[in-house]
Q: 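Pasting in a structure now, in structure tokens, and then I'll have a few things to ask.
Keep in mind that the numbers below use all heavy atoms, side chains included, and drop hydrogens, waters and symmetry copies.
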Amino acid sequence: RACCPFHNENTPSFWVSPQKQFYHCFGCGAHGTALGFLMEYDKLSFPEAIEELASRLGLEVPREGGGGGPQDHPGTTQPLYDMNLRVAKHYAGVLPADNRAREYAKKRGLTRETVEKFMIGFAPNSWNELLKRFGATDADRKVLLDCGLIIERERTDNRTLDRFYDRFRDRLMFPIRDSRGRVLAFGGRIVDQGEPKYLNSPETMLFHKGRELYGLYEVRQSRSSLKRLLVVEGYMDVARLHQAGVNYAVATLGTATTPEHLRRIFKLVSEVVFCFDGDRAGRAAAWRALGNALPEAREGRQIRFLFLPEGHDPHSLVGEEGREGFEKRLDGALPLSEYLVSALAEQADLSHADGRAQFAELARPLVSKVAPGIYRDLLIDRLAEPIKLSSARLTQLWFNEAGSQGEHARGEAARRRKHPFADRHDQAGLLGERDEFVGRDAVHLRMLPAQQGFVANELDVARSRL
């Protein structure tokens, strides 16, 4: 018996029955098995919970088919996980011992607790630090290479150490962990001056940047009731936001938010807020995020956008305004529908019909990404307002045009069956223009040069009858 981890209480009411293999809280009613506990408490998916329990017992999970992910090759990937963890611990040990790196972290406002929580470290300004420590054998160097921690030179002599060099040098290092806390890759922020300012591990057998979210492991470990996720652009922003108490912040890793990112997010929460700088680059990133978010938009989900004041990023703004001030801005973030309308209105002049038509044409391919349902209908209602059309008419023009053309074609076919000779010249395909006269009556024929011979013959027949 213990205090329940799912709600606050002073008197223990949480019971675990090893014999029956379930837990139950008599206070809040939480109930489940070991798998259910990992899924609810650690926020793991069902396959992840299976993997976690199996790893604790030293068992290998049998699989069918093979999905091509890291979990399908445990014998191949485990050395990579082990190496990444060893390197992360090494970097974490270097940071407090290096005065320059320690002062830089302090200057960026990171406390010791935050550094430890995110396992932040420092990569020395050396071309072979990792090679000397972890690359003693060919097998070790192969693992370092597969982890993306070292790079092979294009042209070298036969000396082993000269063939490779460390990828990360003179950088504050941020381990990127999966939902189980395993180190997949690293992100590095240059200390002082240098390019590129941010550097991530390359794509590896473990790491796919379009799938992972930095800080998601730490979010799941916060144990708080998770209602929304805040997506920012940098790992420094994530660490600083968590430190301020905004412990639901995550970051993409050098890429725009992908549909896979969103699917992972909506498995955990029903609301996501994208936070971007207010400059041109930030707004361009927001527009890309909107395009990828539209297929995942539907009733029951909230997607919103927050633009920060000029000259601020999340790291600086939360330091200036604190948690309460920052979360007040989050509460005023633009819903997807409002951001879409405002962004399109900047590209079209809504004061005249031409501009409103352009607005509608810009909106059409975007709305077509949204799954049919209540949300799409309401989004069309909102888009119909600035162009002064009814939502029913807009829906018909956007999505029923093919059906309307089909009705028109069927009507034309019925008319021609009733009057088979009424459109003789239409059936001949006369699409150009030419004026001919038969007697005193002018006949205006539209035709192409290819039909001129046919028309001339028709005119000769007509003249012979006069």
Side-chain angles (χ1 to χ4, degrees), residues 1-63 69 71 113-114 116-119 177-184 211-231 238-239 241-251 260-273 296 298-304 323-324 327 330-331:
R1 186 174 66 170
C3 290
C4 179
F6 298 108
H7 79 286
N8 295 323
E9 64 177 3
N10 296 321
T11 304
S13 60
F14 185 82
W15 290 76
V16 176
S17 173
Q19 291 77 23
K20 297 182 179 180
Q21 298 188 355
F22 70 81
Y23 65 88
H24 182 81
C25 176
F26 290 92
C28 67
H31 182 91
T33 63
L35 283 174
F37 184 84
L38 287 176
M39 293 171 69
E40 291 297 322
Y41 188 66
D42 286 338
K43 308 297 184 184
L44 299 181
S45 66
F46 180 76
E48 289 169 342
I50 292 285
E51 290 278 353
E52 179 63 22
L53 286 179
S55 66
R56 292 185 184 186
L57 296 172
L59 301 176
E60 184 173 328
V61 180
R63 295 173 178 82
Q71 68 277 9
E113 291 76 15
T114 299
E116 292 176 354
K117 175 182 177 179
F118 285 89
M119 209 177 178
R177 295 186 274 195
D178 65 8
S179 56
R180 293 168 55 188
R182 299 175 299 183
V183 180
L184 303 177
R211 180 187 305 164
E212 302 301 329
L213 289 164
Y214 178 75
L216 189 57
Y217 171 73
E218 288 76 14
V219 168
R220 286 173 157 178
Q221 297 304 303
S222 68
R223 312 301 186 196
S224 59
S225 179
L226 197 58
K227 297 180 180 178
R228 66 183 174 192
L229 284 178
L230 171 66
V231 180
V238 171
L241 285 165
H242 278 249
Q243 181 176 299
V246 186
N247 55 7
Y248 46 87
V250 297
E260 189 163 359
H261 284 146
L262 287 158
R263 285 191 289 271
R264 294 193 69 183
I265 288 171
F266 285 124
K267 284 181 179 179
L268 297 173
V269 294
S270 60
E271 178 186 352
V272 58
V273 181
E296 301 301 320
R298 62 200 62 177
E299 49 272 20
R301 295 178 176 179
Q302 292 190 60
I303 302 172
R304 298 194 291 155
R323 173 184 175 179
E324 291 185 2
E327 288 191 327
L330 288 178
D331 293 337

Q: If you count the non-hydrogen atoms of other residues, nucleotides and ligands that lie under 6.0 Å from CG in D331, is the total more than 12?
A: yes
Q: Under 3.5 Å, which donor-acceptor pairs link side chains of residues 23-31 to any protein atom two or more places apart or in another chain?
A:
unit_1 : atom_1 : unit_2 : atom_2 : d
H24    : ND1    : H31    : ND1    : 3.1
H31    : ND1    : Y23    : O      : 3.2

Q: For S13, which residues count as a side-chain hydrogen bond (donor to acceptor under 3.5 Å, both in side chains) partner, sequence neighbours excluded?
A: E9
Q: Is D178 salt-bridged to R264, cutoff N-O under 4.0 Å?
A: no
Q: Test salt bridge (Lys or Arg N to Asp or Glu O under 4.0 Å) on R177 and E212; report intermediate values, then the result.
A: CA-CA 9 Å; R177 295 186 274 195; E212 302 301 329; over 6 Å; no
Q: Under the rule for side chain to side chain contact (heavy atoms under 4.5 Å, CB included), what residues qualify as partners of P47, not counting sequence neighbours?
A: S45
Q: According to salt bridge (Lys or Arg N to Asp or Glu O under 4.0 Å), who are the partners of R263, at least two apart in sequence or on a separate chain?
A: E296
Q: Rounded to the nearest 0.5 Å, what's the gap from CG on L184 to OG on S179? Could you check?
A: 9.0 Å
Q: Decide, yes or no, whether a salt bridge links K117 with E218 under the criterion of side-chain N to carboxylate O below 4.0 Å.
A: no
Q: Mind checking what makes ring-ring contact (aromatic ring centres under 6.0 Å, His included) contact with F266, not counting sequence neighbours?
A: none
Q: Going by heavy atoms in the side chains, are L216 and L268 under 4.5 Å from each other?
A: yes
Q: Answer yes or no: is there an ion pair linking R304 with E271, defined by an N-O contact shorter than 4.0 Å?
A: yes
Q: For R323, what residues pass the side-chain hydrogen bond (donor to acceptor under 3.5 Å, both in side chains) criterion, not counting sequence neighbours?
A: E327
